[in-house]
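All values below come from the heavy atoms of this structure, side chains included, with hydrogens, waters and symmetry mates left out. This one's a predicted model, so the numbers in the text were calculated from it and none came from an experiment.
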Amino acid sequence: TLFPYTTLFRSRTAPRISQSVEEKCEVRCFDLSSGWRRWKRRLPKPVHSRPVLGDKRLLVGCLDYKVYCIDKLSGSVLWDFKTGGPVESSPIISGVKVLVGSKDGSLYCLGLNDGKQYWRFKAGSSIVASPVSNGERLFFGATNNRFYCLDNETGEPYWEFEMDSSVIAQPVLYGEL
């Protein structure tokens, strides 16, 4: 089972668990029952995105401008894709596609199996929060105070909305809202 690196801190009152971002540039897989490390993959720069699981793959964005697709059982890199800026946004999986934002101001649609770019939408400002999809449409915000709705298949915009400030958190879908 895969989970982010976790550190246990002991205080005088009670133990508490805190999740930390590891700046050693490593992605690790631990066995939940034993705590043994099953594998680790060293990357060129730190990973600030949340790992995302899809079937046999683990996807992460990295500060080296790349999205990595890692075999979740062995830790080997299956493919990587270079964007024009650091990738702090966590990728999402929609069917056989990977959708991820970059600090280069673009949202990328990649093939889950091979990392091939299907389309790119240029928002013009950093995308640090993860997008969300309902399968048909894709929703995300950028630091240019804009919130976007795109066609999931083509990347063509349906609409956009001007916000009062930067959008730095992943949106939530609830029914038609």
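Once rounded to the nearest 0.5 Å, the distance linking CD of Glu136 with OG of Ser94 reads 10.5 Å. Here SG of Cys69 is found 12.0 Å from NZ of Lys56. Values are rounded to the nearest 0.5 Å. Atom-to-atom distance recorded for Glu156:CD and Cys149:SG is 12.0 Å, nearest 0.5 angstrom. Separating the NZ atom in Lys40 from the NZ atom in Lys24 is a distance of 6.0 Å, to the nearest 0.5 Å. Note: Arg42 CZ to Cys25 SG = 5.0 Å, rounded to the nearest 0.5 Å. Atom CG of Leu73 sits about 6.5 Å away from atom CZ of Arg38, to the nearest 0.5 Å.
Relative to the six-membered ring of Tyr68, Arg41 misses at least one condition, a distance below 6.0 Å or an angle of at most 45° to the axis. For the pair Lys97 and Tyr118, the cation-pi test (distance below 6.0 Å, angle within 45°) is passed.
Scanning both residues, Met163 and Arg146, for their nearest heavy atoms gives CG-C, 4.4 Å. Among all heavy-atom pairs drawn from Ser166 and Thr143, the shortest one is OG-O, 3.0 Å. The minimum heavy-atom distance linking Ala142 with Ser125 is given by the pair CB-O, 3.9 Å. Summarising the geometry of Pro171 relative to Phe139, their closest heavy-atom pair is CG-O, 3.7 Å, with the distance given to 0.1 Å.
Judged purely by distance below 3.5 Å, without hydrogens or angles, the side chains of Thr83 and Ser102 pair a donor atom with an acceptor atom. No hydrogens or angles considered: nothing links the side chains of Asp71 and Ser76 as a donor-acceptor pair under 3.5 Å.
Within the 4.5 Å cutoff, the side chain of Gln170 has heavy atoms near those of the Ile92 side chain. Side-chain contact between Lys66 and Asp80: present, with at least one pair of heavy atoms (C-beta onward) separated by less than 4.5 Å. The closest side-chain heavy-atom distance from Val167 to Ile127 is not below 4.5 Å. Side-chain contact check for Asp151 versus Tyr158: some heavy-atom pair is nearer than 4.5 Å. Side-chain contact between Phe140 and Ser89 is absent, with no heavy-atom pair separated by less than 4.5 Å. Two residues are said to be in side-chain contact when any heavy atoms from C-beta on lie closer than 4.5 Å; Asp64 and Val87 fail this criterion. Taking the side chain as every heavy atom from C-beta outward, Val27 and Leu43 approach each other to under 4.5 Å. Side-chain contact check for Gln117 versus Tyr108: some heavy-atom pair is nearer than 4.5 Å.
Val132 and Ile93 fall into different hydrophobic clusters, defined by Ile, Leu, Val, Met, Phe, Trp and Tyr side-chain heavy atoms under 4.5 Å apart, directly or through other members. Cluster annotation: Val100 is not connected to Val60 through the hydrophobic network of ILVMFWY side chains, with a link wherever side-chain heavy atoms come within less than 4.5 Å. One hydrophobic cluster, built from ILVMFWY side chains closer than 4.5 Å, cannot hold both Leu63 and Tyr65; they sit in different ones. Linking Ile, Leu, Val, Met, Phe, Trp and Tyr whenever their side-chain heavy atoms come within less than 4.5 Å puts Leu173 and Phe161 in one cluster. Follow the hydrophobic side-chain contacts under 4.5 Å out from Leu53 and you never reach Val67; the two are in separate clusters.
One finds a salt bridge joining Arg120 and Asp104 here, because a Lys/Arg side-chain nitrogen approaches an Asp/Glu carboxylate oxygen to under 4.0 Å.
Relative orientation of the Phe121 and Tyr148 rings is perpendicular, given thresholds of 30° and 60° on the angle between their planes.
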Yes or no on side chain to side chain contact (heavy atoms under 4.5 Å, CB included) for Leu78 and Asn113, after CA distance, side-chain angles and deciding distance? CA-CA 9 Å; Leu78 300 173; Asn113 294 324; over 6 Å; no
Verify side chain to side chain contact (heavy atoms under 4.5 Å, CB included) between Arg57 and Leu112, making sure each step is shown before the conclusion. CA-CA 9 Å; Arg57 295 165 172 80; Leu112 179 59; 3.7 Å; yes
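Side chain of Ser126 to main chain of Val128: no donor-acceptor pair is present (N/O by atom type, distance under 3.5 Å, no hydrogens or angles). Panel note: side chain Trp79, backbone Lys116; no donor-acceptor pair is recorded below 3.5 Å. Between the side chain of Lys72 and the backbone N or O of Asp55 there is at least one donor-acceptor pair closer than 3.5 Å. With Ser49 contributing its side chain and Ser90 its backbone, the two residues share no donor-acceptor pair below 3.5 Å.
Heavy atoms from other residues, nucleotides or ligands lying under 6.0 Å from CD1 of Ile168 number 12 at most. Other residues, nucleotides and ligands place more than 12 heavy atoms under 6.0 Å from the CH2 atom of Trp159.
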